[in-house]
Amino acid sequence: MFERETAFIERVARRCTGSTFVCLLITLVLCDLAISAVNPLKFIKNYDYMPLSQNPLVSKIPRFLKEKNNPDILVMGSSLPMKAISACDHEYAHSVDNNTIEDVRRYTEARYLRDNLRSLLQEKGQDKRINDLEVYNLTIAGSMASDTKLLLSKALREHKRPRMVIYGVAPRTFMDNTVSKDEKTAVWQILSKWRNLGDFVDSRLSSAERRDLMIANFWNFYRDRMDYQTFILGYACNKLDRSPTIYAAKQRAAAEAAGKDAAESTSASAATPVTKTANSTKSASASEQHQNPEVLQKDLALYDVRYNPPDFKQFDAQKSHLKEILSICKNKGIKLLVVAMPITEQNRALLDRTLYQRYLEEIPALTLSQGGSFLNLDDGNTNSIADFEDSVHTNSRGGKKVHDRLVQSIKKNQWL
């Protein structure tokens, strides 16, 4: 009996240590080490092929989740607070090139805001907190309330627990016809597969997800396989002149439609910006013609596609995500300040009156009822048309006004 068992074990051992098995194992280990050391995806500069983890649109997300620091204040929202921060810091600290969109999207600081809040703490006599206060700019271009909820939830799971979240919102945070409830946005693609070993004990994980998590922690290629899929899919779609997802196709169609509308409007009136409404077309005053008419018309055309026809169901769905954000912050003891970012009258005129009125009334009411604070910077008292680059994004002067009023309100209401 003992001899038979020994012979069986020897046969199994010979098979497991056969030349083919050993060569395959060594090859996989060497390839994995090479991928880890070289990281070939970092050499990709074409945005059609670029992995999401490197794409400036969302590249700050993996960086933030991997960092060990826990900032005191998180600034979240879309490109509106993003541009306000970068335009202001461009003039204040020269820490970002506001004219390069890649730099703006990758920028994670908010120096003007940080320094002003430190001064505020100094006035309050909190000397021990002055030099320690850190502000992290986690704004993501194009993000809606659903994206922000997902990002905040994931940050908390990674043990990021700020004292305050400043959340910049605008009408597009809750309504965009180029994004439906089933679309897989760039933020979703990054975060839906983001896992760490702490998630292994999560009862909500399926056995397949636990398997993926364990393999990913030992195999670099498996961990980064989504990035390689992004590259291969992007390359193929570019060659075939196709969009890789329905979301990307809608964004492309909206941009093309906006470009066509802008070209037609600009050729009809090259010198005068136009405010589009459902029933009329209004010319801007001479004092408002400092903006680039072509840039403004293209921006308005794009927002017209996003806003119209109005989608009330989407508004309700995104509002429910804001409610979840408020609930998360309340349960975690995090101060949430929702800030209505300023937009131009030209952009505002594109909105359906009923939907816009609901935005004006329901978002502040929901925020306050759930224990958050609300600051309306879109009340006409903060910015003028001269403070904008296009119909929604502020320039350096406008960004400074946004920050100054924000800090003044935080001081007045003792939100920090």
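The first residue of the sequence shown is numbered 1, and numbering continues consecutively from there. For the numbers below, each heavy atom of this structure counts, side chains included, while hydrogens, waters and symmetry mates do not.
Residue pairs that meet the salt bridge (charged side-chain N to carboxylate O under 4.0 Å, His left out) test with at least one member in residues 329-341, sequence neighbours left out, do not exist here. Pairs passing the ring-ring contact (aromatic ring centres under 6.0 Å, His included) check and including a residue from residues 89-108, sequence neighbours excluded, read Y92-Y112. The salt bridge (charged side-chain N to carboxylate O under 4.0 Å, His left out) contacts involving residues 361-386 comprise K319-E362, R348-D378, R358-E362, D379-R405, where partners must be two or more places apart or lie in separate chains. Every pair passing ring-ring contact (aromatic ring centres under 6.0 Å, His included) that includes a residue from residues 55-76 is listed here, sequence neighbours excluded: F64-Y136.
For H321, the side-chain hydrogen bond (donor to acceptor under 3.5 Å, both in side chains) partners at least two apart in sequence or on another chain are K149. Checked against side-chain hydrogen bond (donor to acceptor under 3.5 Å, both in side chains), E109 has the following partners two or more places apart in sequence or in another chain: R111. Applying the side chain to side chain contact (heavy atoms under 4.5 Å, CB included) test to S369 and every residue at least two apart in sequence or in another chain returns L366. In this structure D404 satisfies the salt bridge (Lys or Arg N to Asp or Glu O under 4.0 Å) test together with K400, sequence neighbours excluded. Residues passing the side-chain hydrogen bond (donor to acceptor under 3.5 Å, both in side chains) test with S78: none are found, sequence neighbours excluded. Under the side-chain hydrogen bond (donor to acceptor under 3.5 Å, both in side chains) criterion, S143 pairs with no residue at all, not counting sequence neighbours. Every residue two or more places apart in sequence or in another chain that forms a side chain to side chain contact (heavy atoms under 4.5 Å, CB included) with P310 is listed here: N308, F312, D352, L355. For R397, the salt bridge (Lys or Arg N to Asp or Glu O under 4.0 Å) partners at least two apart in sequence or on another chain are D387.
A salt bridge does not link K60 to E67: none of the charged nitrogens lies less than 4.0 Å from a carboxylate oxygen.
F388 pairs with exactly one of L296, N395, T394, N347 by the side-chain contact (heavy atoms from CB on, under 4.5 Å) rule, that one being T394.
Using modelled atom types, one finds no donor on one side chain facing an acceptor on the other under 3.5 Å when comparing N137 with T108. Between the side chains of N70 and E158, no donor-acceptor pair is found at a separation under 3.5 Å.
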